[in-house]
Enquirer: 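The following block contains the structure, expressed as structure tokens.
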Amino acid sequence: MRSWIARRTLRAFAKRYGYDVSYLLMMLNESPAGFFKFAPLLKAAAHREAVPIDASFAAKIVGALSEDCGPCTQLVVDMALEAGMAKDQIEAVLRRDPRAMSDTTRLAFKFADAVARRSTDDEEFVTPSAPNGARKALSI
């Protein structure tokens, strides 16, 4: 029953976003126990709590771009649009144009980019003036 629900959910996700979930279906078919250990990570990745939508998706887009995964990037862009992130902010992240980003988007973009590049210069991200709960978001 649990596997049937998971298959149905994955197929609905694939249809909704036009995304290939065959690797997840294969995992479910080959190792249901492994799939159900992995599945909670998908929910955890969607957790935002204090992180603004623009910041959350800017970081996710940077992550997808850094992995050079076109389908992953398109999926995150589609999800960002669905969540209400402004198209101009998404385009600014895709173009890597911090001047066109809001303060919130720019902070998340720069932080995610530093993480993706494995930068050790993190002082600019831990300041008392960090906007809109960024200090809490960065400490999660």
Enquirer: Using the disulfide bond (SG atoms under 2.5 Å apart) rule, collect all pairs that involve residues 2-54, keeping only residues at least two apart or in two chains.
Expert: none

Enquirer: Do the non-hydrogen side-chain atoms of L65 and I61 ever get within less than 4.5 Å of each other?
Expert: yes

Enquirer: Let me confirm one number: the CZ-CZ distance from F35 to R2, rounded to the nearest 0.5 Å.
Expert: 9.5 Å

Enquirer: To the nearest 0.5 Å, what is the distance between CD1 on I53 and CD on Q89?
Expert: 12.5 Å

Enquirer: Do S3 and L28 have side chains that get closer than 4.5 Å, going by heavy atoms?
Expert: yes

Enquirer: Let me see the working for L81 and V77 under side chain to side chain contact (heavy atoms under 4.5 Å, CB included), right down to the final yes or no.
Expert: CA-CA 6 Å; L81 288 168; V77 166; 4.2 Å; yes

Enquirer: Just grab all the disulfide bond (SG atoms under 2.5 Å apart) pairs involving residues 15-52, residues at least two apart or on different chains.
Expert: none

Enquirer: Quick one: which residue pairs count as a disulfide bond (SG atoms under 2.5 Å apart) with a foot in residues 34-115, not counting sequence neighbours?
Expert: C69-C72

Enquirer: Just grab all the salt bridge (charged side-chain N to carboxylate O under 4.0 Å, His left out) pairs involving residues 82-97, residues at least two apart or on different chains.
Expert: R16-E82, R95-D97, R96-D113, D97-R99

Enquirer: Just to verify, what does A80 make a side-chain contact (heavy atoms from CB on, under 4.5 Å) with, not counting sequence neighbours?
Expert: F57, M85, I90

Enquirer: What residues form a side-chain contact (heavy atoms from CB on, under 4.5 Å) with A55, not counting sequence neighbours?
Expert: V51, P52, T104, A108

Enquirer: R106 and M101: which non-hydrogen atoms are nearest, and at how many Å?
Expert: NH1-O, 2.8 Å

Enquirer: Name all residues meeting the side-chain contact (heavy atoms from CB on, under 4.5 Å) criterion together with L41; count only those two or more places apart in sequence or in a different chain, and write none if there are none.
Expert: F38

Enquirer: Should V21 and M26 be counted in the same cluster of Ile, Leu, Val, Met, Phe, Trp and Tyr side chains packed under 4.5 Å apart?
Expert: no

Enquirer: Looking at D54 and S102, what are the two nearest heavy atoms and their distance?
Expert: OD2-OG, 4.5 Å

Enquirer: If I take atom OG1 from residue T9 and atom CD1 from residue I5, how far apart are they, to the nearest 0.5 angstrom?
Expert: 7.0 Å

Enquirer: Do any pairs count as a ring pair (Phe, Tyr, Trp, His ring centres under 6.0 Å) and have a residue in residues 3-33, sequence neighbours left out, and if so which ones?
Expert: F13-Y17

Enquirer: Per the disulfide bond (SG atoms under 2.5 Å apart) rule, what does the pair list look like for residues 2-37, sequence neighbours excluded?
Expert: none

Enquirer: Hey, what do you get for CG (D20) to CG (L25), rounding to the nearest 0.5 Å?
Expert: 8.5 Å

Enquirer: Quick one: which residue pairs count as a side-chain hydrogen bond (donor to acceptor under 3.5 Å, both in side chains) with a foot in residues 56-81, not counting sequence neighbours?
Expert: Q74-D78

Enquirer: Going by salt bridge (charged side-chain N to carboxylate O under 4.0 Å, His left out), name the pairs with one or both residues in residues 5-15, residues two or more places apart or in two chains.
Expert: none

Enquirer: Can you measure from CG (L10) to CG (L42) and round to the nearest 0.5 angstrom?
Expert: 8.5 Å

